[in-house]
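All figures in this text were calculated on a predicted structure; none of them were measured in a lab. All chains are named by letter (A, B, ...) in the order of the sequence lines, taking the proteins before the strands, and each is independently numbered beginning at 1. Excluded from the calculations below are hydrogen atoms, water molecules and symmetry mates; all remaining heavy atoms, backbone and side chain alike, are included.
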Number of protein chains: 2
Amino acid sequence: MLKEERHQFILNEVRIHNRVLLTDIADLLKVSVDTVRRDIKELHNTDQLKKVHGGAISLGFNTYSPVGKKVYSLEKKSQIAEKAITLIKEGQVILLSGGTTNLELARRLPSKMKLTCFTPSLPIAVQLLTKSNVEVIFIGGRLSKDSQITVGGSAINMLSEIKVDICFLGTNSIHPVQGLTEFDWEIVQMKKAMIHSSRKVVSPCISEKIGSLQRYKICGTEDVDVLITELEPWDIKLDAFKTMNLQLL
Amino acid sequence: MLKEERHQFILNEVRIHNRVLLTDIADLLKVSVDTVRRDIKELHNTDQLKKVHGGAISLGFNTYSPVGKKVYSLEKKSQIAEKAITLIKEGQVILLSGGTTNLELARRLPSKMKLTCFTPSLPIAVQLLTKSNVEVIFIGGRLSKDSQITVGGSAINMLSEIKVDICFLGTNSIHPVQGLTEFDWEIVQMKKAMIHSSRKVVSPCISEKIGSLQRYKICGTEDVDVLITELEPWDIKLDAFKTMNLQLL
DNA sequence: GTCATATTTGCCATATTTTGCTGTAATTGA
DNA sequence: TCAATTACAGCAAAATATGGCAAATATGAC
């Protein structure tokens, strides 16, 4: 692998996540942390990102990180993404909401499978640009700076005109009784519209988010067709969902 | 095998993969690495690719980061961007087409000025995310992988619903008689729509592109209100435009 | 055809760059 | 404060770059 490739990769990660960990990059690229450290140093010296202890952040980084510290539960999200990909078939039309899990999914889309992919997420669109086999259609609208997805009437309007095969709905909170909830009103509206635009709703969700509750309701569990977690099928956290009419992965 | 054949082969590989390894090429073509090295050196000297340690990468490899592109052109573009910014007033609604010059413009937008900015360009949207004072509205549609902007009916439709104060129209070719031209049909359609959606059309254009001509016509010079170049006002290249009803910067 | 000349190519010896590793210092979080 | 992680400098091995050289090939004039 060329040094320039690594540089591009790192910059891309920074663009998408606003921050990267040295160790994650080293892991992903299978090189030593020293090499990544040197790469980041170079990119720092040429003002392409900002080097910080343990990694790097984007230059215009606005210190606000919605999820808190561990943006990367890379391991779990990768597992979920791998499971999710098994649901996709050649030639299908899919819809990816925002969120880091869906970003992982986008990253792992097989490069041979022809797909059409709708998304309102800027990072996911950037990621999908590298997949020559995927036709990307971006849902336009006002860009929310926090979530880096488009929101608002225009976006919802565009969603109302489509009907896709599968929607992968990144989920902040899922509760056996209350269903899916969200703390941002505009995102709630977007997600509702996405559900209406899809034949099948898949909810990739890391286990920490199971049982949690936010201010606004998106939909009940009955609107979700498949719930994907990183847990084993017999895990106790999933018990509450087993009686329901939804597939567990 | 002829040298020319090797050159074509290498360029093709670079086009397809965006990068090549010296050793791979030598292996594939059954020639020594020295030969490939010399080939790449030649292609580098004639600006057909970029030589790096261990191989070569395509010229537009790091699409997002203007750093690494040709430095001289970056300087010109920066100058143009600086001039362009003087046209923008607090609270206005602007429209940025794609292109690296507009990307520079986006990067340099003052952080205190409140603005609303429409754009179909993914790199520009990413850049604008860092500007907390700018409301970004992304023109949705099918993403063209080459130009990294959205194109197609949906995008043009969305454009038809807006009327902005200023449109900065990244320009590939401007000709005193033929006007603005472009080589990609879909982008032509987008740019036409952008012109219709704007009260004022500004065309930032580095001097190399003056007088050049592409396959498809976007509009005549009469549709352009302001032409911004990096040249001094008295430069001979601008003479042809001086009699026209357009402002030169 | 022959000779002289120029180009191309592979090989070699010698720099230079890159990379991982080591030991030590600095930073972080509890 | 301590313990763990991360940073940094220096080193050595591997990979790559460079310039010189000679053999092979092509070119062109006679």
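Atom-to-atom, NE2 of A/His53 to P of C/dA25 comes out at 17 Å; the value is rounded to the nearest Å. As rounded to whole Å, 16 Å separates atom C1' of C/dT27 from atom CG of A/Leu21. Here the C1' atom of nucleotide D/dA15 and the CE atom of A/Met1 are 17 Å apart, to the nearest Å. Protein atom CD1 of A/Ile25 is 17 Å distant from nucleotide atom C1' of D/dA7, rounded to whole Å. Between the CZ atom of A/Arg19 and the P atom of D/dT6 there is a distance of 12 Å, rounded to whole Å. Rounded to whole Å, atom P of C/dT8 lies 17 Å from atom CG of B/Leu29.
A/Tyr216 pairs in a side chain to side chain contact (heavy atoms under 4.5 Å, CB included) with only one of the listed residues (A/Val188, A/Leu180, A/Ile187, A/Asp184), which is A/Val188.
Take the nearest nucleotide of DNA chain C for A/Val36 and for B/Leu2: the residue whose nucleotide is more 5' is B/Leu2. Between A/Ser32 and B/Asp39, the residue anchored closer to the 5' end of DNA chain C is B/Asp39, taking for each the nucleotide with the nearest heavy atom.
The salt bridge (charged side-chain N to carboxylate O under 4.0 Å, His left out) test applied to A/Lys242 returns A/Asp239, not counting sequence neighbours. Residues passing the side chain to side chain donor-acceptor pair (under 3.5 Å) test with B/Thr181: none are found, sequence neighbours excluded. With sequence neighbours excluded, the residues satisfying side chain to side chain donor-acceptor pair (under 3.5 Å) with B/Glu42 are B/Lys3. Residues forming a salt bridge (charged side-chain N to carboxylate O under 4.0 Å, His left out) with A/Arg37 (at least two apart in sequence, or on another chain): none. For A/Phe138, the ring-ring contact (aromatic ring centres under 6.0 Å, His included) partners are B/Phe138, not counting sequence neighbours. Contacts of A/Thr116 classified as side chain to side chain donor-acceptor pair (under 3.5 Å), with partners at least two apart in sequence or in another chain: none.
Listed by first then second residue, pairs satisfying salt bridge (charged side-chain N to carboxylate O under 4.0 Å, His left out) with a partner in residues 23-36 of chain B number zero, not counting sequence neighbours.
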So if I define the base as every atom that isn't primed, P, OP1 or OP2, how would nucleotides 18-24 of chain D read as a B/S/- string at a heavy-atom cutoff under 4.0 Å? BB-----
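Within residues 3-10 of chain B, the residues approached by DNA chain C to less than 4.0 Å at the level of any non-hydrogen atom are B/Lys3, B/Arg6, in residue-number order.
Among the protein residues, A/Val33 comes within range of no part of the nucleic acid, since none of its heavy atoms lies under 4.0 Å from any strand. Counting any heavy atom pair closer than 4.0 Å across all strands shown, A/Val52 reaches sugar-phosphate atoms only and no base atom.
Of all heavy-atom pairs between B/Lys131 and B/Arg108, the closest is NZ-C, 4.1 Å.
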